[in-house]
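Inspection log for the structure reproduced underneath, given as structure tokens.
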Amino acid sequence: MSEHRSAPDTPAPGNAVPAADEARRGWLALGTLPVVAAVLVALNGLYILLVAFGNITDFGTNQAFVQHVLAMDTTNFGAPAGEDLDPDVMWRAITDPVLQNVAYIGLIAWESATAIVLVAAVVFWIRERHHGYRTARAISTIGLLMLIALFMGGFITIGGEWFQMWKSTSWNGLDPAFNNSVLALIALVLIHLPSLHWTARDRA
């Protein structure tokens, strides 16, 4: 006696993939490297955009921060401002209000430019979906390097070491600068990880 066996539950050639499978594939795509990289780039861009917006609309708050860092008047481990300052390094201080404001405006301009570059990168992450992300990765790299240059170069290196910000207990931005540098660096590393997502469509 022959047995009746049902046909396997697979779509016949030429049949459309079931909608449930398409939906599942769509959700799984959210876990791919390009999506993760794009989201981190977007978050870094949103952060620096909000920083620039805050400095422009609330100019005076961080202006005071820049003035105190450049003047080095609190680099005394918590002593009253202007007291117990190290004479061997105080020659580095910038006390001219004009120069301080120029530095602050330059800082805001750099933040704004960085935000623009990263926002543009997000647009290309969307436009180049499944097309290798060549331009998106390049623009993201530029924007993230600008972010790292700002926080690691500007705040940690120049502000922290040259202007001795590490000695101040009241005007010290080293911890936020370090955190922001690491977050940008993580996104930068992900963008440059080897992946077939960067080349698959180009090969085709």
Side-chain angles (χ1 to χ4, degrees), residues 36-37 39-122 139-192:
V36 174
V39 169
L40 289 181
V41 170
L43 291 176
N44 276 282
L46 177 61
Y47 172 78
I48 197 61
L49 179 64
L50 294 177
V51 169
F53 178 78
N55 286 339
I56 293 171
T57 58
D58 185 18
F59 190 85
T61 299
N62 281 331
Q63 181 187 29
F65 171 82
V66 172
Q67 288 173 338
H68 282 286
V69 170
L70 296 181
M72 299 175 63
D73 58 349
T74 61
T75 55
N76 49 20
F77 301 105
E83 298 182 8
D84 299 330
L85 300 173
D86 186 353
D88 293 333
V89 296
M90 284 307 296
W91 60 270
R92 306 177 185 178
I94 298 176
T95 57
D96 186 341
V98 174
L99 293 179
Q100 291 174 343
N101 286 333
V102 168
Y104 184 43
I105 293 172
L107 181 67
I108 295 174
W110 186 268
E111 292 168 348
S112 302
T114 303
I116 292 172
V117 172
L118 289 176
V119 169
V122 173
I139 297 178
S140 297
T141 298
I142 294 171
L144 292 170
L145 285 177
M146 291 175 70
L147 205 59
I148 293 171
L150 171 66
F151 290 112
M152 186 180 295
F155 283 85
I156 296 177
T157 304
I158 297 176
E161 189 57 35
W162 181 255
F163 290 107
Q164 302 283 286
M165 187 166 56
W166 64 275
K167 294 181 180 179
S168 177
T169 59
S170 52
W171 300 99
N172 191 332
L174 288 177
D175 285 343
F178 176 79
N179 294 338
N180 294 330
S181 298
V182 170
L183 293 174
L185 185 60
I186 290 173
L188 188 62
V189 169
L190 287 179
I191 289 171
H192 289 276

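Note that the numbering runs from 1 along the sequence shown for the chain.
Residues passing the ring-ring contact (aromatic ring centres under 6.0 Å, His included) test with W171, sequence neighbours excluded: H68. With sequence neighbours left out, the side-chain contact (heavy atoms from CB on, under 4.5 Å) criterion links A184 to N44, L144, L147, I148. N55 pairs by the side-chain contact (heavy atoms from CB on, under 4.5 Å) definition with V51, N62, Y104, I108, E111, not counting sequence neighbours. For the side chain to side chain donor-acceptor pair (under 3.5 Å) test, residues two or more places apart in sequence or in another chain that qualify with T141 are H192. In this structure Y47 satisfies the ring-ring contact (aromatic ring centres under 6.0 Å, His included) test with no other residue, sequence neighbours excluded. With sequence neighbours left out, F178 forms a side-chain contact (heavy atoms from CB on, under 4.5 Å) with I156, V182. Partners of T57 by side chain to side chain donor-acceptor pair (under 3.5 Å), not counting sequence neighbours: none found. Partners of D96 under the salt bridge (charged side-chain N to carboxylate O under 4.0 Å, His left out) rule, at least two apart in sequence or in another chain, do not exist in this structure. Residues satisfying the side chain to side chain donor-acceptor pair (under 3.5 Å) criterion with S168, sequence neighbours excluded, are T74. The side chain to side chain donor-acceptor pair (under 3.5 Å) search around D84 returns none, not counting sequence neighbours. Taking the side-chain contact (heavy atoms from CB on, under 4.5 Å) definition, one finds that Q67 meets it with Q63, Q100, N101, sequence neighbours left out.
A heavy-atom distance below 4.5 Å is found between the side chains of Q164 and R92. Proximity of S112 to I56: side-chain heavy atoms (C-beta onward) are separated by under 4.5 Å at one or more points.
When the shell of 6.0 Å around CZ of F53 is examined, it contains 12 or fewer heavy atoms from other residues, nucleotides or ligands.
Applying the salt bridge (Lys or Arg N to Asp or Glu O under 4.0 Å) rule to pairs touching residues 54-83 yields nothing, sequence neighbours excluded.
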Evaluate side chain to side chain contact (heavy atoms under 4.5 Å, CB included) for D86 paired with M72, printing each intermediate quantity in order. CA-CA 10 Å; D86 186 353; M72 299 175 63; over 6 Å; no
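Distance check: S181 OG to L174 CG gives 10.0 Å after rounding to the nearest 0.5 Å. L150 CG to L107 CG: the interatomic distance, rounded to the nearest 0.5 Å, is 5.5 Å.
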